[in-house]
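Reviewing the structure listed below.
Just so you know, these numbers come straight off a predicted model, no measurement behind them. Every chain is numbered from 1 and lettered A, B, ... according to where its sequence line falls, protein lines coming before strand lines.
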Amino acid sequence: MKILIAEDSALMRKAIGKTVVGAGFTVVEAVNGAEALARLRKNSADIALVILDWNMPVMDGYEALQKIRANSDYSHIPVLMATSDGAEEDVIKAIKAGATSYLVKPFTLDQMTKQITDLTNRPIAKTHH
Amino acid sequence: MRKLLYITSSDQNKEALSNCVSNEIEIDSLERHEAGIVKDQDVVLLDFNTGSNVEIDLLKRLRSESAYMDIPIVLVVDDPDTEFARKGLSKGASGLLTRPFTKDNVHKTLDTLCHSAENISPHETDNIVMFISATMHVLKTTAGFEVKRRRKFIKKDYQFCGELTASISMTGGINGTVSISMDELTARQMSASIAWMKPEELDEQMVQEGLGEIANQVAGRVRTMFFAKNLRMEISLPKVVCGYGQRALPSLDEPLHTILFEIGGSFIALHLCLREAAHSLVPA
């Protein structure tokens with residue numbers, strides 16, 4: 001199974017990606033919301049989770065979240081918003097738009113791993129670090 | 001009376017400085033090999049002739065000692081536009097003073113760098129404390145950097161302290177910019193730590209992204225604190241500039257508050273140029 005990471009920073013994609021691999025999944029990367037949707041359109045069957053940053057150029061995570069929930073082909077996939085925008089207003093806005101969970105940066109390795117495990121409902125295959 | 005300590009091996013330099021300061025400034029001096037001796041000083045001037053390792057080590061050693069860590073250390077240079085002079089700023093120096101000394105440049109430098117806390121309104125201090133807290137938390141959680149808080153001072157020259165600087169603009173309850181500045185090696189180590197990579201595996205863009213991410217998370221955390229106080233604040237995407245001597249744009253006509261953090265002999269500078277907006281008390 002795969003986890004789709006939409007994050008404009010290559011460094012953060014690497015960081016989150018290592019946690020994803022450590023949890024036993026394969027990484028699919030996207031640099032913004034539009035690219036994440038393109039990846040889902042191409043093949044969403046084996047995507048177990050979408051991790052979205054909020055602030056990204058071209059299409060931000062919030063707009064991507066709305067479009068994911070509006071498409072019946074992949075509206076069932078859990079979405080984790082992982083962002084530095086931690087204001088209560090932002091969290092409520094994302095949950096109302098269909099986010100399954102919300103993780104505020106800075107987060108620890110354990111926090112991200114727990115989110116992945118909980119949202120994909122499978123045990124951790126291994127840990128790193 | 002302000003007390004100035006001049007660390008130099010030149011009697012000629014001491015005399016030249018003495019001729020340029022008013023009676024309100026008391027000058028004491030030490031030779032370089034005596035630099036560890038603790039004096040009661042408000043500001044330290046340090047001859048910085050070539051940027052050699054000996055001079056850099058002395059600067060770092062002074063900054064690591066409790067008697068010196070919280071006061072301005074000014075590098076005395078012949079030319080401020082050299083790479084080593086700018087590098088000195090990233091190693092904990094507060095500013096530069098150019099020789100030959102004149103009454104004008106000595107007093108201008110001291111006035112620029114020696115502003116103390118009485119010039120900061122209580123509300124500004126609250127805001128600054130939020131940024132300091134956010135910076136220390138983000139560096140620890142995201143990069144595993146347990147930094148030590150060092151001096152806060154005001155830079156009217158608006159020059160960033162480091163080789164790489166990430167800035168974020170803010171509007172709303174606070175208008176202004178927050179910038180995080182450090183040398184390239186520290187930024188590389190920090191970025192590598194974020195992604196659990198080796199420093200040499202990162203290209204320049206990833207190093208800059210790591211710094212931008214830290215600035216983004218610091219601003220985001222302060223924004224969250226603002227919302228918790230029913231105040232609104234919006235932040236931009238981070239912008240990273242490279243090279244020593246880059247300057248913040250003083251568009252707000254506000255001073256540049258600089259707070260130094262130390263980790264392993266390297267310095268990370270938090271630069272804040274803030275103005276509380278008139279409508280900041282409007283609930284979010």
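Annotation: the span from A:Ser84 atom OG to B:Ile235 atom CD1 amounts to 5.0 Å, rounded to 0.5 Å. Note: A:Leu109 CG to B:Trp196 CH2 = 4.5 Å, rounded to the nearest 0.5 Å. Note that CD of A:Glu88 and CG of B:Asn230 are 9.5 Å apart. Values are rounded to the nearest 0.5 Å. How far CD of B:Glu209 is from CG of A:Asp8: 7.5 Å, rounded to the nearest 0.5 Å. A distance of 13.5 Å separates CZ of B:Arg221 from CG of A:Asp85, quoted to the nearest 0.5 Å. Expressed to the nearest 0.5 Å, how far CZ of B:Arg232 lies from CD of A:Glu89 amounts to 5.0 Å.
The number of heavy atoms from other shown groups lying within 6.0 Å of CD (B:Gln205) does not exceed 12. Within 6.0 Å of NZ in A:Lys105 there are more than 12 heavy atoms belonging to other residues, nucleotides or ligands. In B:Glu204, the CD atom is not crowded: 12 or fewer heavy atoms of neighbouring residues, nucleotides or ligands sit closer than 6.0 Å.
Using a 4.5 Å cut-off between heavy atoms, B:Ile194 touches chain A through backbone and side chain atoms alike. Interface residue B:Leu202: only side-chain heavy atoms are found under 4.5 Å from chain A. In this structure, chain A has a heavy atom under 4.5 Å from the side chain of B:Glu213, while its backbone stays farther away.
Closest approach of A:Ala15 to B:Ala195, counting heavy atoms only: CB-CA, 3.8 Å. Listed here is the closest heavy atom pair of B:Arg223 and A:Ala87: NH1-CB, 4.1 Å.
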